[in-house]
Amino acid sequence: MSQLSIYNSLTRKKEQFVPLTPGYVGMYVCGPTVYSDVHLGNCRTFISFDLMYRYFLHLGYKVRYVRNITDAGHLEGDRDEGDDKFSKKARLEQLEPMEIVQRYTLGFRKMMEMFNNLPPTIEPTATGHISEQIEMTQQILANGYAYEVNGTIYFDVQKYDKEKPYGILTNRKLEDLLEGTRELGGQDEKRGRLDFALWIKAKPEHLMQWPSPWGMGFPGWHIECSAMSKKYLGNEFDIHGGGMDLAATHHTNEIAQNQACYHVSPARYWLHTNMLTVNGTRMSKSAGNGFLPGELFTGNHPLLERAYSPMTVRFFMLQTHYRSTLDFSNEALQAAEKGMKRLWEAYDIVKKLEAGTVAATDKALDEKVSSLLASMDECMNDDFNTARVLAVLFEVVPIINSIKDGHIKLQALSGTTIAAVQTYFKAYLENIFGLKNEVQSEDGKLSGVLQLLIEIRKDAKQKKDYATSDKIRNQLLGLGVALKDEKDGGVTVSFT
RNA sequence: GGUCCUGUGGCCGAGUGGCUAGGCAGAGCUCUGCAAAAGCUCGUACAGCGGUUCGAAUCCGCUCGGGACCUCCA
């Protein structure tokens, strides 16, 4: 089997994945800022990294997956007169900042659960790691890469860039970056245009503030990830991930902070997921074109024709590679919904197949299926290409359906191959892709009622009383229960 | 302006220089009391123009179009 290779933003190419410690993976993903509901773009990133997390587990790695919760106030802009996001919202809603944090943290976790994302192994909060952030800031100061102005500590980007390339992650030169930045205002206390705050002095009315060697204040945005990744994963770890929009600023600053503090770049592999778009434009908070997952699940949004389930959305995302943009539309979602249904019905058949011990009667077909299955691993190892894995699964589907319909005999495939199909479908659909059947199983009493109706209908059919049999089928369909007559005389029930 | 990404059949989307991606929609056929599902077959797509090559959607150049980042955002 091939080795896993992943695209490293830092080197801009695919590299074979070699963990720092054999058998273990340390992965840090920038989590949400919990001052409002997560929108779907955020969810895409976390679904992408959930997929990677699941795949590492599938490969047998022990994974420490750290995803932070940003619950400490950051400035709205990079100017210190701005309110922080939490206290602003709090005043608006007459709530304590930590009430806001609590509400949206719970909401976020709920959404992650609905999408069937596994929880990270550690989910640290910024406010829970203030002292670590202060310590790191002190060390950066001691190392000479930061300076204090009136109780605020700034990172000295130009000094840093003399020793290490500041724009290494996004392949930019300092001059080019400076060119794109606005002029410093007259009263600005920063020395350099690109300098960013490690610690920010708080005004008395500021709701979230902590004591520090430089007076009361709060941490800058970038330092939390540096401090927490270092604490739980060490100075150097395997993977650091996040959305592409974080690369140029947040991740660039993280690398600079870690280098300035520990003289080493934190992560070996930097993974960035691409944006979700609506009508070709990026979905974002500031653009106001974002969907909330809840709106999607209820269909309650002007752009949505109807509701789409969490698994439909997850499947929809898996049909695209994580580094490609994905455009959102009703048509595309409906296509995904149908495709997933087809795949899942085939999976239901697969589960019921009885793997014999006989050799394959159709050698060619047996080999074809085997090689299809093997290619799934190849696709996944090629930078988590879920789109191709799905394509392969869909190529196996007609074979499965043909076995069910009797076009292909079960014995055409060897028992080993049948068992492999079962293993692969389960591994990929459930364990790696994290899909689950959303149809609620009917409870005992209703099941009995349904069974009765099916029997009455069967009797009617035998008497060629099609008026009655069609009435039962049509009315049940109207209630969301679809009956399908199978060739063998049986009936398949599915819920819509 | 700088740094990049991107343009694939009606829609969504993979794609290693040569072999059918796949899904959805559409057409035909088979099965079927009908329906649904399923199976089989079908579109001969790669923005345009040049170039490299025996051969390019895939490499190079130019043109046109779309997008991202450079400012809070996954």
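Nucleotide B:rG23 holds its C1' atom 18 Å from the NE2 atom of A:His321, rounded to whole Å. The nearest whole Å value for the distance from the CZ atom in A:Arg323 to the P atom in B:rU6 is 9 Å. Separating the CZ atom of A:Arg172 from the P atom of B:rA68 is a distance of 14 Å, rounded to the nearest angstrom. Whole-Å rounding puts the A:Leu390 CG to B:rG22 C1' distance at 9 Å. A:Phe316 has its CZ atom 11 Å from the P atom of B:rA14, to the nearest Å. One interatomic measurement links the two molecules: CD of A:Gln475 to P of B:rC34, which rounds to 22 Å at whole-angstrom precision. Rounded to an integer number of Å, the gap from A:His407 NE2 to B:rC40 P is 8 Å. In this structure, CE of A:Met275 is placed 8 Å from P of B:rC69, rounded to the nearest angstrom.
By the stacking rule of 5.5 Å between ring centres and under 30° between planes, A:Phe46 does not stack on the base of B:rA74.
Residue A:Leu483 is in base contact, counting any heavy-atom pair closer than 4.0 Å across all strands shown. A:Thr249 comes within contact range of the sugar-phosphate backbone alone, with a heavy-atom separation under 4.0 Å but no base atom that close. Among the heavy atoms of the strands, none lies under 4.0 Å from A:Gly167. A:Met283 comes within 4.0 angstrom of a nucleotide base, judged by non-hydrogen atoms across all strands. Base contact: A:Gly41 has a heavy atom under 4.0 Å from a base atom. Nucleic acid contact class of A:Thr273 (heavy atoms, under 4.0 Å, all strands): none. Here A:Glu486 lies out of heavy-atom contact (under 4.0 Å) with every strand. No contact: A:Arg44 has no heavy atom under 4.0 Å from any strand.
Here the separation of B:rG51 from B:rA56, taken at their C1' atoms, is 12 Å to the nearest Å. Rounded to whole Å, the P atom of B:rG28 lies 34 Å from the corresponding atom of B:rG15. Straight-line distance between the P atoms of B:rU16 and B:rG50: roughly 26 Å, to the nearest whole Å. For the C1' atoms, the distance from B:rU52 to B:rU58 is 14 Å, rounded to whole Å. Taking atom P in both B:rA47 and B:rG7, one finds a spacing of 8 Å when rounded to whole Å. Separation of the P atoms belonging to B:rA21 and B:rU3 is 37 Å when rounded to the nearest angstrom. Here the separation of B:rU20 from B:rA35, taken at their C1' atoms, is 32 Å to the nearest Å. Annotation: B:rG67 and B:rC29 have their C1' atoms spaced 44 Å apart (nearest Å).
Of the listed nucleotides (B:rA74, B:rC24, B:rA14), B:rC24 has the atom at the smallest distance from the side chain of A:Ala335. Closest contact between the side chain of A:Ala391 and the listed nucleotides B:rA36, B:rG22, B:rA74 involves B:rG22. Out of B:rU3, B:rA74, B:rG22, the shortest distance to the side chain of A:Phe394 is found at B:rG22. Across B:rG33, B:rG13, B:rG10, the shortest atom-to-atom separation from the side chain of A:Lys461 is found for B:rG33. Nearest to the side chain of A:Ala248, among B:rC34, B:rC70, B:rA37, sits B:rC70. Candidate nucleotides B:rC34, B:rA68, B:rG13 were compared by shortest atom distance to the side chain of A:Asp470, and B:rC34 ranks first. In this structure, the nucleotide among B:rA36, B:rA74, B:rG15 sitting nearest to the side chain of A:Arg388 is B:rG15. Comparing B:rC69, B:rA74, B:rG33 by their closest approach to the side chain of A:Leu276 singles out B:rA74. Side-chain proximity of A:Asn385 to B:rG39, B:rA74, B:rG15: nearest is B:rG15.
Side chain of A:Ser5 to backbone of A:Lys14: no donor-acceptor contact under 3.5 angstrom is found.
At most 12 non-hydrogen atoms from other residues, nucleotides or ligands lie less than 6.0 angstrom from NZ of A:Lys464. The environment of A:Lys110 atom NZ is sparse: at most 12 non-hydrogen atoms of other residues, nucleotides or ligands sit within 6.0 angstrom. Heavy atoms of other residues, nucleotides or ligands lying less than 6.0 angstrom from CD of A:Glu354 number 12 at most.
Two residues, A:Asn474 and A:Thr320, neighbour RNA chain B, and the one matched to the more 5' nucleotide by heavy-atom proximity is A:Thr320.
A donor-acceptor contact closer than 3.5 angstrom is absent between the side chains of A:Gln3 and A:Asn381. Side-chain N/O atoms of A:Tyr7 and A:Glu15 include no donor and acceptor closer than 3.5 Å.
For A:Phe328 and A:Phe291, the ring centers are positioned less than 6.0 Å apart. Here the two rings, on A:His272 and A:His251, have centers that are under 6.0 Å apart. Ring to ring, A:Tyr347 and A:Tyr424 are not that close: their centroids are 6.0 angstrom or more apart. Proximity of the aromatic rings of A:Phe56 and A:Tyr65 is defined here by a centroid distance below 6.0 angstrom, and this criterion is not met.
Between B:rG23 and A:Lys338, no contact under 4.0 Å exists linking OP1 or OP2 to a side-chain N or O. OP1 or OP2 of B:rA14 lies within a sub-4.0 Å distance of a side-chain N or O belonging to A:Ser324. The phosphate of B:rC4 (OP1 or OP2) has a side-chain N or O of A:Asn171 nearer than 4.0 angstrom. Taking 4.0 angstrom as the limit, A:Asn274 places none of its side-chain polar atoms (N or O) nearer than this to OP1 or OP2 of B:rA68. At the phosphate of B:rG22, neither OP1 nor OP2 sits under 4.0 Å from any side-chain N or O atom of A:Arg342.
Between the side chain of A:Asp485 and the base of B:rC34, a donor-acceptor pair under 3.5 Å is found. In the interface, the side chain of A:Arg473 is paired with the base of B:rA35 through a donor and an acceptor atom under 3.5 Å apart.
The stretch residues 396-406 of chain A comes close to RNA chain B through A:Pro398, A:Asn401, A:Ser402, A:Asp405, each having a heavy atom under 4.0 Å from the strand.
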Kindly determine whether A:Tyr428 and A:Leu390 satisfy side chain to side chain contact (heavy atoms under 4.5 Å, CB included), including the steps that lead there. CA-CA 9 Å; A:Tyr428 273 90; A:Leu390 280 173; over 6 Å; no

Trace of the salt bridge (charged side-chain N to carboxylate O under 4.0 Å, His left out) decision for A:Arg314 with A:Asp50: CA-CA 11 Å; A:Arg314 191 175 173 106; A:Asp50 181 61; 2.7 Å; yes

Could you tabulate the donor-acceptor pairs under 3.5 Å formed by side-chain atoms of residues 396-413 of chain A, not counting sequence neighbours?
unit_1   : atom_1 : unit_2   : atom_2 : d
A:Ser402 : OG     : A:Pro398 : O      : 2.8
A:Lys404 : NZ     : A:Glu486 : OE1    : 3.0
A:Lys404 : NZ     : A:Glu486 : OE2    : 3.2

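Helical stems in RNA chain B, defined as runs of 3 or more consecutive Watson-Crick or G-U wobble pairs with donor-acceptor distances under 3.5 Å: B:1-7 with B:64-70, B:10-12 with B:22-24, B:26-30 with B:38-42, B:47-51 with B:59-63.
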